[in-house]
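The structure presented is a predicted model; accordingly, all values stated were derived computationally and were not measured. Count residues from 1 along the sequence.
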Amino acid sequence: MQQHKTKKQPLYVILLLILAAEAVFILPFVLQRIFRTTFLESFSITDTEIGSCFAAYGTVALVSYLFGGPLADKFKPHILMSVALILTALGGFYLATYPSLYQLHLLYGFWGFTTIFLFWAAMIKATRIWGGTHNQGIAFGFLDGGRGLVAALFGSVGVIIFSLFITKEVELTSIEERRLAFKEVITYTSIAVFCIGIMVFFFLKFTETETTAFDKPSKLLTIENFKIVMKYRAVWLLMIIILCAYYGYKMTDLFSKYAEEVMGYNKIEAAKVGTSLLYIRPVVGVIIGMLADRTKASLWIVIGFLLMTITSLIFYVGIIDDSTTLLFILSIGTMALGVYSARVLYFATLEEAKIPLAVTGTAVGFISVVGYTPDIFAGLVMGYFLDANKGAVGLQNAFGVMGLFTLAGLVASFMLYNYSKNRA
């Protein structure tokens with residue numbers, strides 16, 4: 001594939017891209033991560049049942065990863081992304097009506113379509129265009145780090161809105177009062193996402209058109225390209241690495257639940273724990289991205305998995321309780337550092353592993369189909385352990401399962417590091 005030199009893109013474009021890239025996932029994921037127990041009691045569902053909603057999302061997303069790419073080659077990113085944001089926001093307004101569990105499944109399936117089929121590939125393409133030929137690492141580092149900051153800001157505002165509509169001590173409120181307050185959080189979030197969709201349509205424009213920024217593939221989803229991709233050992237290792245790292249990322253959903261049920265925090269304090277950790281992500285994203293450009297991305301993925309494995313073991317053995325607040329803060333901070341280190345560098349290893357640029361799209365789609373399957377099963381697995389043993393024991397068992405995943409990821413990432421070192 002011929003390289004094209006692209007003009008330097010305006011800074012506001014990447015800022016709007018970052019804002020959109022996280023805003024589209026706030027309603028399906030971030031709200032329930034920050035307000036986990038409030039979400040469950042407001043909808044009168046269990047951990048397993050919210051897990052089954054994520055399974056519906058993941059099932060639709062699985063197909064969408066493969067077929068969203070060709071769509072992104074036919075339409076400009078700002079069109080697909082704006083439509084995706086607006087449709088996702090409309091789903092948020094529906095969420096605020098407190099639909100039944102069956103309707104929640106349909107809604108999460110719908111969000112799997114809007115956020116992945118319409119949005120994901122278009123977002124990746126827009127980021128590549130902004131980065132041009134020489135700044136891909138910076139572009140994707142800014143993207144993931146910036147997304148973390150946006151999620152944290154949304155979370156902080158959500159906590160403020162929730163507390164504004166709670167007129168007395170949160171422990172003294174009824175479920176119905178908390179439901180009304182949480183409805184306001186969902187509604188205001190949906191309005192924000194809708195407005196961002198409008199902004200993307202009018203302002204996410206590039207100084208050079210997408211058609212000239214990169215060569216278009218002659219054919220899409222060709223069998224030949226899949227055969228080329230499958231010959232690379234790195235592709236198979238990346239499947240395992242992303243699957244294990246993404247499972248670890250899904251486990252961060254439980255931090256606020258752990259703070260409330262084991263550490264004895266109230267609902268607002270627990271939500272603040274989930275939000276504060278999101279502020280780590282932008283710092284990690286930028287710093288790790290820069291370090292990876294100077295060393296090897298795979299090395300930092302190994303370090304990330306090592307941190308995740310150690311901290312998941314600490315949670316599993318049950319030494320963290322309401323008398324070890326400092327250990328709790330250090331452990332979730334270290335785990336978040338490991339999770340975000342691996343996450344920001346997922347696809348930075350494609351260049352390192354010498355996978356041809358011409359089959360990048362095919363490689364990313366092929367890897368994503370397996371790598372992002374935790375969208376389907378992670379919530380169900382966590383829900384099973386949390387519902388089987390309420391409180392501390394269920395949470396410890398859930399972190400024990402995470403330890404098995406991160407250990408497998410550690411082995412696979414070390415193998416990738418050796419593989420890419422030998423090919424250097």
Y102 atom OH, neighbour heavy-atom count above 12 within 6.0 Å: no
List, one per line, each side-chain donor-acceptor pair under 3.5 Å for residues 330-341, sequence neighbours excluded.
residue, atom, partner, partner atom, Å
S331, OG, L327, O, 2.8
T334, OG1, L330, O, 2.7
S341, OG, L337, O, 2.7

OH-CG distance between Y384 and D47, expressed to the nearest 0.5 angstrom: 14.0 Å
Full working for side chain to side chain contact (heavy atoms under 4.5 Å, CB included) between T38 and F162: CA-CA 10 Å; T38 302; F162 185 75; 3.9 Å; yes
Non-hydrogen atoms of L118 and A84 that approach each other most closely: CB-CB, 3.8 Å
Distance (rounded to the nearest 0.5 Å) between M199 CE and L16 CG: 5.5 Å
Note, S82 side chain near I198 side chain (heavy atom, < 4.5 Å): no
Output side-chain donor-acceptor pairs under 3.5 Å for residues 147-155, partner residues at least two apart or in another chain, one line each.
residue, atom, partner, partner atom, Å
R147, NE, A21, O, 3.4
R147, NE, E22, OE1, 2.9
R147, NH2, E22, OE1, 3.3

Full working for side chain to side chain donor-acceptor pair (under 3.5 Å) between T115 and Y57: CA-CA 10 Å; T115 60; Y57 174 97; 2.6 Å; yes
F414/F305 aromatic ring centres below 6.0 Å: no
Candidate list L410, L416, I241, test side-chain contact (heavy atoms from CB on, under 4.5 Å), partner V302, passing option: L410
Check: Y94 ring centroid to F110 ring centroid under 6.0 Å: no
L104 and F43, any side-chain heavy atoms less than 4.5 Å apart: yes
Residue pairs, two or more places apart or on separate chains, that pass side chain to side chain donor-acceptor pair (under 3.5 Å) and touch residues 388-412: T309-T406, D387-K390
Y98 side chain to S42 backbone, donor-acceptor under 3.5 Å: no
Distance in Å, S413 OG paired with I242 CD1, rounded so as to fall on 0.5 Å steps: 12.0 Å
A245 versus A342, closest heavy-atom pair with distance: CB-CB, 4.0 Å
Verdict with supporting geometry, M382 and M402, side chain to side chain contact (heavy atoms under 4.5 Å, CB included): CA-CA 9 Å; M382 286 187 274; M402 176 186 173; over 6 Å; no
Separation between CD1 of I26 and OG of S190, rounded to the nearest 0.5 Å: 11.0 Å
Single hit among I79, V13, L19 for side-chain contact (heavy atoms from CB on, under 4.5 Å) with L204: V13
K183 versus A96, closest heavy-atom pair with distance: CE-O, 3.2 Å
Distance-only side-chain donor-acceptor flag, Q103 / S100, under 3.5 Å: yes
Nearest non-hydrogen partners of F119 and A20, listed with the distance: CZ-O, 3.4 Å
R233 side chain reached by M415 side chain, heavy atoms, under 4.5 Å: yes
Interatomic distance, T37 atom OG1 to N266 atom CG [nearest 0.5 angstrom]: 10.0 Å
Distance flag, aromatic centroids of Y12 and F203, threshold under 6.0 Å: no
Minimum side-chain heavy-atom gap K250-Y247 below 4.5 Å: no
Parallel, tilted or perpendicular: rings of F405 and F377 (30°, 60°): parallel
Trace of the side chain to side chain contact (heavy atoms under 4.5 Å, CB included) decision for L87 with W111: CA-CA 8 Å; L87 289 176; W111 276 336; over 6 Å; no
is_close_aromatic(F39, F35), centroid dist under 6.0 Å: no
Stepwise side chain to side chain contact (heavy atoms under 4.5 Å, CB included) test for L85 and F201: CA-CA 10 Å; L85 283 157; F201 183 80; over 6 Å; no
Under 3.5 Å donor-acceptor, T46 side chain and E49 backbone: yes
More than 12 heavy atoms from other groups under 6.0 Å of OH on Y316: no
Minimum side-chain heavy-atom gap M123-V24 below 4.5 Å: no
Distance, nearest 0.5 Å, that separates CG of L313 from CE of M308: 14.5 Å
Minimum-distance pair of heavy atoms, taken over all atoms of I240 and A408: CG2-O, 4.4 Å
Ring centre gap for F315 and Y258 strictly below 6.0 Å: yes
Polar side chain donor-acceptor pair, T373 to Y246, under 3.5 angstrom: no
Least distance between heavy atoms, L307 atom then T311 atom: O-OG1, 2.8 Å
Under 3.5 Å: donor-acceptor pair, side chain of Q32, backbone of F29: yes
Beyond-backbone contact of I14 with L17, side-chain heavy atoms, under 4.5 angstrom: yes
